[in-house]
Colleague: 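Below are the structure tokens for one structure; questions will follow.
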Amino acid sequence: MLAAFYVTYFVFASFSFNVAQQQQQPLQYVDGYRSSCKFHQAGTFNLIISAPHGGSLMPTDVPDRTQGGCRRSGSYCTWRYDDKCFDGQRCTATTVQDYLSGEFAENVAEELNSKHGLKPFVVIGKWSRKKVDFNREINEATLNHPEAISAYQSYHTNLQYAIDQVKQQYGNGLLIDIHGQGVGNFTMVGYLLDSDLLNRDDLQSTLGTITSIEQICSLSNRTECIRGQTSFGTILETNELGIAYPSMAHPKPGNGTFFEGGYITRNYILKINAIQTELPYDIRAGPYKRVNAMKYARALIDYMTVNTILLKNSKSTM
Ligand SMILES: [Zn+2]
């Protein structure tokens, strides 16, 4: 009897120890096609973190995206790497890196894991945007180069897999796409509403445009979910992450450049809520970047909690 007790106790104790130990372990990443991206698919709650523009790897056999594509008439671009374009004009492809945005995303994921016992699904770009742009439609993204296409497919297949996992396990969730911008010292929160729409006094007049968080907005109303107390911008500000547009304190972005969300934010919203955040240099790369990642992780949990969309696997603890 006593032996049985000890065996039971030992099994229980070692199980508890294993759970505690598992929480301490950093997230394990798997490399995608030729290290074009890396991913973590063993998520334990319904959050997916994406960071497409932080990569710096420059595979030499893939041509730079600045060299290809041709516009011969109108607005149509061929987006072919092998188009010599003697009789047209080169198209402009954006190739600037969102410096340290991938590292910031990884730090946020690690904070969620180690401090909160919640493992997100994560996909992070490793190839430079000069070689592939994971946040554009496939032609502009890859210039139709076979290696760039494989890299692009690796990123999006993993994103799609993560979304399917979240749908299957939890029914719904949130995809957060992390970027960096050099426009100003504030964060732009993108829900697919451009600055003209956000600058309106009454957001009810924008209902003709679909947002990337329709499911969350259905819980309240458009003004509340975009710039109210429960909006992500307000919650970023509450967590001391500087100024965010749109938010309660800073509802309108004004006339400057505003990024309302790109291909990733737009492409998956029939399946999942999506938000793009464009973070300033100070937040993602300045001396307090680690503290900011901690605050950003907290903001994500606050946001999902207050909007009652946070769902976790029964196997995750805390
Ligand atoms: Zn970006």
Side-chain angles (χ1 to χ4, degrees), residues 46-53 74-77 94 98 133-141 156 159-160 163 166-167 171-181 183-184 186-237 243-280 299-300 303-304 306-309:
N46 57 341
L47 176 72
I48 302 163
I49 297 176
S50 156
H53 286 162
S75 59
Y76 175 77
C77 176
T94 310
D98 296 358
D133 189 337
F134 301 114
N135 197 32
R136 291 289 184 277
E137 62 81 32
I138 193 164
N139 294 296
E140 182 178 352
H156 283 276
L159 210 47
Q160 185 69 63
I163 292 166
V166 164
K167 288 290 282 183
N172 213 329
L174 177 66
L175 164 64
I176 192 97
D177 197 33
I178 294 180
H179 293 256
Q181 51 84 10
V183 177
F186 48 80
T187 296
M188 303 171 192
V189 186
Y191 307 103
L192 304 180
L193 298 181
D194 64 22
S195 54
D196 282 349
L197 295 175
L198 292 175
N199 286 336
R200 291 187 188 175
D201 291 331
D202 182 10
L203 289 187
Q204 291 304 113
S205 71
T206 69
L207 289 175
T209 306
I210 194 170
T211 69
S212 55
I213 52 163
E214 286 299 301
Q215 191 239 335
I216 293 171
C217 288
S218 72
L219 304 170
S220 55
N221 61 65
R222 185 158 285 195
T223 304
E224 177 54 35
C225 67
I226 301 298
R227 58 190 185 200
Q229 192 81 49
T230 58
S231 70
F232 195 50
T234 301
I235 289 172
L236 287 174
E237 291 195 349
I243 294 172
Y245 293 100
S247 62
M248 259 174 88
H250 303 95
K252 300 176 182 178
N255 295 325
T257 305
F258 185 84
F259 301 119
E260 73 269 21
Y263 178 81
I264 289 172
T265 311
R266 201 173 292 277
N267 195 47
Y268 296 104
I269 54 170
L270 287 180
K271 291 192 163 180
I272 197 164
N273 297 295
I275 300 176
Q276 172 175 293
T277 57
E278 290 273 359
L279 301 167
L300 283 170
Y303 179 71
M304 293 178 79
V306 84
N307 287 290
T308 63
I309 57 162

Colleague: Are Tyr191 and Ile275 side-chain neighbours, meaning at least one heavy-atom pair lies under 4.5 Å?
Modeller: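 In short, these two side chains touch, coming nearer than 4.5 Å.
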Colleague: Can you name the side chain to side chain donor-acceptor pair (under 3.5 Å) partners of Ser50, sequence neighbours left out?
Modeller: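 Per chain and number, Ser50 pairs via side chain to side chain donor-acceptor pair (under 3.5 Å) with Tyr155, Asp177.
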Colleague: Could you give the distance from NE2 (His156) to CG (Asn267), rounded to the nearest 0.5 Å?
Modeller: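 One finds 7.0 Å between NE2 of His156 and CG of Asn267.
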Colleague: In the structure I gave you, are the side-chain heavy atoms of Leu192 and Thr211 within less than 4.5 Å of one another anywhere?
Modeller: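 No, side chains not in contact.
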Colleague: Check salt bridge (charged side-chain N to carboxylate O under 4.0 Å, His left out) between Lys271 and all other residues, then give those that pass, not counting sequence neighbours.
Modeller: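 Partners of Lys271 by the salt bridge (charged side-chain N to carboxylate O under 4.0 Å, His left out) criterion, ordered by chain and then number, come out as Asp164.
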Colleague: Is any side-chain heavy atom of Asn135 closer than 4.5 Å to one of Gln276?
Modeller: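 Side-chain contact under 4.5 Å: yes.
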Colleague: Does any part of the side chain of Ile48, heavy atoms only, come nearer than 4.5 Å to the side chain of Tyr268, both counted from C-beta?
Modeller: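 They are not in contact (no side-chain heavy atoms under 4.5 Å apart), so the answer is no.
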Colleague: Measuring from atom CD1 of Ile178 to atom CG of Asp98, what distance do you get when rounded to the nearest 0.5 angstrom?
Modeller: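 Taking CD1 in Ile178 and CG in Asp98, the distance rounds to 11.0 Å.
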Colleague: Has Asn307 got a side-chain atom pairing as donor or acceptor with Tyr303's backbone, closer than 3.5 angstrom?
Modeller: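 A pair under 3.5 Å: yes.
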Colleague: Any side-chain to backbone donor/acceptor pair from Ser195 onto Pro253? Under 3.5 Å, distance only.
Modeller: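 Checked: no pair found.
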Colleague: Take Ile264 and Leu175 through the test side chain to side chain contact (heavy atoms under 4.5 Å, CB included) and record every step on the way to the result.
Modeller: CA-CA 9 Å; Ile264 289 172; Leu175 164 64; 4.0 Å; yes
Colleague: Find the distance between CG (Leu174) and CD1 (Ile49) and round it off to the nearest 0.5 Å.
Modeller: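 With rounding to 0.5 Å, CG (Leu174) is 9.5 Å from CD1 (Ile49).
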Colleague: Report yes if the side chains of Lys252 and Phe258 come closer than 4.5 Å at any heavy-atom pair, otherwise no.
Modeller: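 Heavy-atom side-chain distance check fails, nothing below 4.5 Å.
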Colleague: If you measure from CD1 on Ile235 to OG on Ser247, what distance do you get to the nearest 0.5 Å?
Modeller: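 Rounded to the nearest 0.5 Å, the CD1-OG separation comes out at 11.0 Å.
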Colleague: Quick one: does His53's side chain have a donor or acceptor within less than 3.5 Å of a partner on Asp133's backbone?
Modeller: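 No; judged by distance alone, with no hydrogens or angles, the pair does not exist.
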Colleague: Does the plane of the ring in Tyr245 sit parallel, tilted or perpendicular to the ring in His250? Use 30° and 60° as the thresholds.
Modeller: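 Aromatic pair Tyr245/His250 classed perpendicular.
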Colleague: What is the distance from atom NE2 of His179 to atom OG1 of Thr277, rounded to the nearest 0.5 Å?
Modeller: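 Going from NE2 on His179 over to OG1 on Thr277, the span is 8.0 Å.
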Colleague: Evaluate the criterion side chain to side chain contact (heavy atoms under 4.5 Å, CB included) for residue pair Glu260 and Leu197; output intermediate values, then yes/no.
Modeller: CA-CA 10 Å; Glu260 73 269 21; Leu197 295 175; over 6 Å; no
Colleague: Without placing hydrogens or testing angles, list every side-chain donor-acceptor pair under 3.5 Å for residues 215-228, not counting sequence neighbours.
Modeller:
| from | atom 1 | to | atom 2 | distance (Å) |
| --- | --- | --- | --- | --- |
| Gln215 | OE1 | Asn172 | ND2 | 3.0 |
| Gln215 | OE1 | Asn273 | ND2 | 2.7 |
| Ser218 | OG | Gln215 | O | 2.6 |
| Asn221 | OD1 | Thr223 | N | 3.1 |
| Asn221 | OD1 | Glu224 | N | 3.0 |
| Arg222 | NH1 | Thr206 | O | 2.6 |
| Arg222 | NH1 | Thr206 | OG1 | 3.1 |
| Arg222 | NH1 | Thr209 | O | 2.8 |
| Arg222 | NH2 | Thr209 | O | 2.9 |
| Arg222 | NH2 | Glu214 | OE2 | 3.1 |
| Glu224 | OE2 | Gln229 | N | 3.1 |
| Glu224 | OE2 | Thr230 | N | 2.8 |
| Glu224 | OE2 | Thr230 | OG1 | 2.7 |
| Arg227 | NH1 | Leu198 | O | 2.9 |
| Arg227 | NH1 | Arg200 | O | 3.2 |
| Arg227 | NH2 | Arg200 | O | 2.9 |
| Arg227 | NH2 | Asp201 | O | 2.7 |

Colleague: Looking at Asn255, I'd like to know if its CG atom is crowded, meaning that more than 12 non-hydrogen atoms belonging to other residues, nucleotides or ligands lie closer than 6.0 Å.
Modeller: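 For Asn255, atom CG is not crowded (no more than 12 foreign heavy atoms under 6.0 Å).
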